[in-house]
Trainee: 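Before I ask anything, let me first share the structure, which is written out below as structure tokens.
Keep in mind the model is a prediction, meaning the values are calculated, not measured.
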Amino acid sequence: MKKIVLIFLGVILFASATLAQEVIKAKDAHNYIGKKVTVIGKIKSIAGPGYLSSMSFYLVTDSTEVGIGVIVPREIWTKSKILNENQKGKIMKIAGLIKLGGEPYTTVENLSDVKILP
């Protein structure tokens with residue numbers, strides 16, 4: 001019984017360490033291409049939704065122009081009450097894989113990966 005409890009605790013500790021992601025600022029996203037991280041930044045601009053198949057946010061840190069694009073597919077933003085064109089200037093926290101397409105970007109895979117902070 002003692003071995004089972006120790007194994008169970010070991011699995012829980014390993015799983016929690018694996019799920020933890022590094023939290024970075026939007027301006028540092030270019031240093032994390034190919035890595036899954038959590039990015040925090042101020043929403044500087046929003047494209048869509050309109051007739052687009054996705055909605056895009058551009059996040060920056062402080063007053064810098066360097067940041068990261070966040071692509072939200074239609075099937076996700078249509079289910080959300082917080083992902084809309086009224087969020088400009090607010091802080092967004094997004095967990096995802098950082099990719100490079102001219103500049104860093106990530107695509108939202110689950111609504112639970114996005115938070116708008118007060």
Trainee: Treat each ILVMFWY residue as a node, draw an edge where side-chain heavy atoms are under 4.5 Å apart, and state whether Ile43 and Val108 are in one component.
Mentor: yes
Trainee: Are there more than 12 heavy atoms of other residues, nucleotides or ligands under 6.0 Å from atom CD of Gln87?
Mentor: yes
Trainee: Taking only residues two or more places apart in sequence, or in another chain, which ones meet Leu111 in a side-chain contact (heavy atoms from CB on, under 4.5 Å)?
Mentor: Ile76, Ser80, Leu83
Trainee: Show me the side-chain donor-acceptor pairs of residues 28-35 shorter than 3.5 Å, one per line, residues at least two apart or across chains.
Mentor:
residue: His30; atom: ND1; partner: Lys27; partner atom: O; Å: 3.2
residue: Tyr32; atom: OH; partner: Glu22; partner atom: OE2; Å: 3.2

Trainee: With sequence neighbours left out, what residues match Lys88 under side-chain contact (heavy atoms from CB on, under 4.5 Å)?
Mentor: Ile46
Trainee: Hey, does Leu59 have a side-chain heavy atom less than 4.5 Å from the side chain of Val70?
Mentor: yes
Trainee: For a 4.5 angstrom cut-off between non-hydrogen side-chain atoms, does Lys42 reach Thr61?
Mentor: no
Trainee: Name all residues meeting the side-chain contact (heavy atoms from CB on, under 4.5 Å) criterion together with Asn86; count only those two or more places apart in sequence or in a different chain, and write none if there are none.
Mentor: Asn84
Trainee: Between Val72, Ile116, Ile94, Val114, which is the residue that forms a side-chain contact (heavy atoms from CB on, under 4.5 Å) with Phe57?
Mentor: Val72
Trainee: Quick one: list whatever passes side-chain hydrogen bond (donor to acceptor under 3.5 Å, both in side chains) with Glu103, sequence neighbours left out.
Mentor: Tyr58
Trainee: Of all heavy-atom pairs between Val39 and Ala26, which one has the smallest distance, and what is that distance?
Mentor: CG1-CA, 3.6 Å
Trainee: Can you name the one residue among Thr106, Ile24, Leu97 that meets side-chain contact (heavy atoms from CB on, under 4.5 Å) with Val37?
Mentor: Ile24
Trainee: Linking Ile, Leu, Val, Met, Phe, Trp and Tyr through side-chain heavy atoms less than 4.5 Å apart, which residues share a cluster with Ile40?
Mentor: Val23, Ile91, Leu117
